[in-house]
There are 2 protein chains.
Amino acid sequence: MNDISPPRKRRNAGRVTLNDVARQVGVSALTVSRFFNHPERVSQALRQRIGEAVSALGYVPNLMAGSLASARSRIVGMVIPNISGPIFADTIQAFSDTLARHGHQLLLASSYFSLEQEENAVRTFLGWSPAALVVTSHFHSESTEKILAEAEIPVVETWDYQPGRAPIQVGFLHYDVGVMAARHLLDKGYRRIAFVLNSAVGDFSALERRAGYGDTLQAAGLESWSFAPSAECVPFEAGKQAMESLMKEARPPDAIIFANDNLAAGGLLTARRMGLRVPDDCAVMGFGDYAFSGMLLPALSTIRPPARLIGEIAALRVLESLSVIPSTTPLQRLNRLECELVEREST
Amino acid sequence: MNDISPPRKRRNAGRVTLNDVARQVGVSALTVSRFFNHPERVSQALRQRIGEAVSALGYVPNLMAGSLASARSRIVGMVIPNISGPIFADTIQAFSDTLARHGHQLLLASSYFSLEQEENAVRTFLGWSPAALVVTSHFHSESTEKILAEAEIPVVETWDYQPGRAPIQVGFLHYDVGVMAARHLLDKGYRRIAFVLNSAVGDFSALERRAGYGDTLQAAGLESWSFAPSAECVPFEAGKQAMESLMKEARPPDAIIFANDNLAAGGLLTARRMGLRVPDDCAVMGFGDYAFSGMLLPALSTIRPPARLIGEIAALRVLESLSVIPSTTPLQRLNRLECELVEREST
DNA sequence: AGCTGTTATGTCAGCGCTAACAATGGCTAG
DNA sequence: CTAGCCATTGTTAGCGCTGACATAACAGCT
């Protein structure tokens with residue numbers, strides 16, 4: 001019955017395409033493409049007319065198609081331990097904003113300090129041919145290392161600085177933070193200084209801070225001493241547990257460095273509930289300078305990491321690597337940032 | 001000279017493609033494609049062999065190509081006022097995690113309460129043919145409304161609940177929060193209750209909370225009264241400014257509702273510095289239940305929004321709309337969530 | 001005039017994948 | 001025994017865009 005089968009239809013969905021714009025203006029599709037990607041290569045007159053047609057038709061470039069054709073995208077993937085934590089949020093914010101200012105988008109995933117989740121996220125992100133990838137710290141699973149090395153895109157490690165590593169790094173030496181905290185307490189005259197680790201397993205950076213603390217105490221001829229709260233308890237509880245346990249010892253510490261301000265806050269409030277005076281009976285020191293740290297009673301002495309700066313500089317390094325912005329060259333060294341000691345009432 | 005020009009080369013870059021896998025196994029590319037997207041339509045035996053080939057070759061599906069071909073992606077865009085703020089971070093975290101569990105990715109942008117930035121973000125996101133779009137509140141520019149309506153993808157509005165609006169909404173009625181705060185203070189016997197607005201322009205939700213407060217006071221035959229800090233100052237400062245200014249009045253308030261906990265914290269500390277007793281001289285109430293709120297002295301009474309729940313349910317609604325997970329149907333009503341009054345020492 | 005170089009635009013082929021349709025073979029129902 | 005059906009796999013034709021290359025037009029130069 002049917003003579004010629006009609007050409008197979010495809011669900012174009014009536015979306016406005018480059019070709020529609022091109023036809024409207026009377027040029028080839030490529031010229032319109034250039035209008036978006038290399039406007040300087042299109043004559044003034046055409047630029048004007050294309051611009052009008054674009055807004056008249058309400059054309060939205062299909063970034064997927066563009067990325068597929070050019071094997072480049074304007075997506076940057078970021079894997080970070082968590083989003084809602086008080087420190088990383090600032091980094092994400094600054095990173096995202098800086099990218100956005102230069103027309104790039106942020107694809108985000110959290111790893112919860114799990115190397116396996118990090119690997120999954122990296123793998124998935126690579127499926128999107130991202131322009132670059134940003135991860136946290138230099139601790140990765142072996143396969144993640146391999147994948148990142150073979151990805152042939154810029155990779156930036158944040159929140160850490162390990163001299164001599166290949167990828168671009170934007171962060172600080174956690175070891176130094178441990179040294180800084182220990183020195184501060186030593187200068188203040190404390191001698192029995194304990195260190196409380198994070199209850200979150202996989203937070204290797206905290207271990208480096210402890211190493212800095214340990215070496216500093218050893219160099220001063222003092223005994224170092226660390227407490228690991230049971231995993232699986234929330235930071236605040238872990239701090240409480242640590243304080244109770246440490247103070248029960250025969251010779252309790254006269255100062256405690258907590259792996260972060262959440263733990264320190266738990267410790268601080270527990271100390272007060274136990275009737276201890278802070279810092280007279282026991283000094284307390286945190287890390288992170290969270291929003292609440294200055295409002296505690298006594299206000300918490302802590303070390304403030306350059307969270308926003310990390311995000312911003314990481315984004316700038318990414319954009320430089322992609323030649324989106326000119327390279328401000330010998331900045332390699334400026335990737336090593338400093339933490340700031342915030343001395344308040346608890347030490 | 002040259003007889004036949006060689007076929008033009010393209011920068012394949014040696015990446016492993018579907019075809020490579022298919023060739024290795026000895027099937028067509030489509031079968032491998034089905035292996036990933038509709039595994040149930042591939043025979044057991046092939047599934048096995050394809051799976052092996054995939055990991056042997058280290059094949060990573062090119063999601064761009066897939067999305068282009070199918071006009072569907074597994075990206076969900078989210079536009080939120082800010083990332084690092086203490087409340088939205090939880091929503092983002094829960095949203096991202098829930099999406100990730102079902103193989104979807106989060107593309108994130110922040111609007112800083114600016115309708116224009118929101119519109120830009122939405123426009124850009126649409127270029128990625130996202131599977132769905134999530135925005136904050138029901139306040140959008142006219143063109144954003146239009147774009148969203150025409151997008152033909154699920155759109156979810158979060159952090160707000162306006163009866164009778166078309167898009168899926170997951171949130172609460174800010175008006176109710178205002179009522180709840182006012183009622184609480186009235187019940188406690190306060191009569192001269194002031195409201196302090198947010199210093200961030202564009203936070204329309206705060207205006208709705210104020211409306212709830214205003215109507216409640218009016219219904220009680222009391223005068224309502226609001227203070228707007230100068231824009232451009234950080235929340236903490238704005239709270240300070242408000243407290244100083246309000247307390248200088250001839251008949252100062254006996255209770256103040258702040259638009260959020262940051263403002264309230266500024267107000268609280270200022271009150272104490274001014275020698276006022278809280279809550280005896282002036283009660284203080286916030287909104288948000290930020291991390292520090294319970295640690296202030298006196299601990300801040302506030303209203304806790306279901307931040308994580310919003311993120312999680314928004315993600316579930318998105319996934320349902322996309323038929324990724326079965327629809328738990330008459331949940332429409334469950335999208336309206338409740339805030340919780342957290343009574344502490346400041347009221 | 002002829003040559004080179006530069007700028008502005010077009011042609012063509014494909015990026016890697018999947019929807020629509022077709023084909024194959026085994027199996028049941030009439 | 002054959003039509004009809006399901007399950008499984010293959011063929012074809014793009015999705016919307018951009019790279020490499022080609023071309024045209026025109027300027028500046030010998």
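Quick note on labels: first sequence line is chain A, next is B, and so on, each numbered from 1.
At a cut-off of 3.5 angstrom, the base of D:dG10 holds at least one donor-acceptor pair with the side chain of B:R34.
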Using atom types as modelled, flag every donor-acceptor pair under 3.5 Å from a side chain in residues 131-139 of chain A to any protein atom, sequence neighbours excluded.
from, atom 1, to, atom 2, distance (Å)
A:T136, OG1, A:V79, O, 3.0
A:S137, OG, A:F139, N, 3.0
A:H138, ND1, A:D160, OD2, 2.7

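Whole-Å rounding puts the B:R41 CZ to C:dT18 C1' distance at 11 Å. To the nearest angstrom, P of C:dT11 lies 11 Å from CG of A:N19. Atom-to-atom, CZ of A:F35 to P of C:dA8 comes out at 15 Å; the value is rounded to the nearest Å. As rounded to whole Å, 13 Å separates atom C1' of C:dG16 from atom CH2 of A:W128. Between A:M64 atom CE and C:dT18 atom C1' the separation is 14 Å, expressed in whole Å. Summarising the geometry, the separation between CG on B:L68 and C1' on D:dC15 is reported as 4 Å, rounded to the nearest angstrom. Rounded to whole Å, the distance from CG on A:L18 to P on C:dC15 is 19 Å. At whole-Å resolution of the value, NE2 in B:H38 and P in D:dA7 are 15 Å apart.
Of the residues in residues 42-61 of chain B, those placing a heavy atom less than 4.0 Å from an atom of DNA chain D are B:V42, B:S43, B:L46, in numerical order. Near DNA chain C, meaning a heavy atom under 4.0 Å away, the residues from residues 22-31 of chain A are A:V27, A:S28, A:L30, A:T31.
The main-chain N or O of B:Y161 is never found under 3.5 Å from a side-chain atom of B:Q169 such that the two would form a donor-acceptor pair. Judged purely by atom type and a 3.5 angstrom limit, B:S129 has no side-chain atom pairing as donor or acceptor with the backbone of B:R72.
Residue B:V25 comes nearest to B:A53 through the heavy atom pair CG2-CB, 3.5 Å, listed as atom of the first residue, atom of the second, then distance. Considering all non-hydrogen atoms of both residues, A:A109 and A:F125 come closest at CB-CZ, 3.6 Å.
Ring pair B:W159/B:F88 is perpendicular by interplanar angle, where above 60° counts as perpendicular and below 30° as parallel.
Under a 4.0 Å N-O distance rule, the pair A:E145/A:R165 qualifies as a salt bridge.
Proximity of A:N37 to the phosphate of D:dT18: a side-chain N or O atom is located under 4.0 Å from OP1 or OP2. Taking side-chain N and O atoms only, A:R72 has a distance below 4.0 Å to OP1 or OP2 of D:dG19.
Residues A:D97 and B:S110 bring a donor and an acceptor atom of their side chains to less than 3.5 Å of each other.
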* What's the verdict on side chain to side chain donor-acceptor pair (under 3.5 Å) for B:Y112 and B:E118, showing C-alpha distance, side-chain angles and the deciding distance? -> CA-CA 8 Å; B:Y112 292 101; B:E118 180 187 62; over 6 Å; no

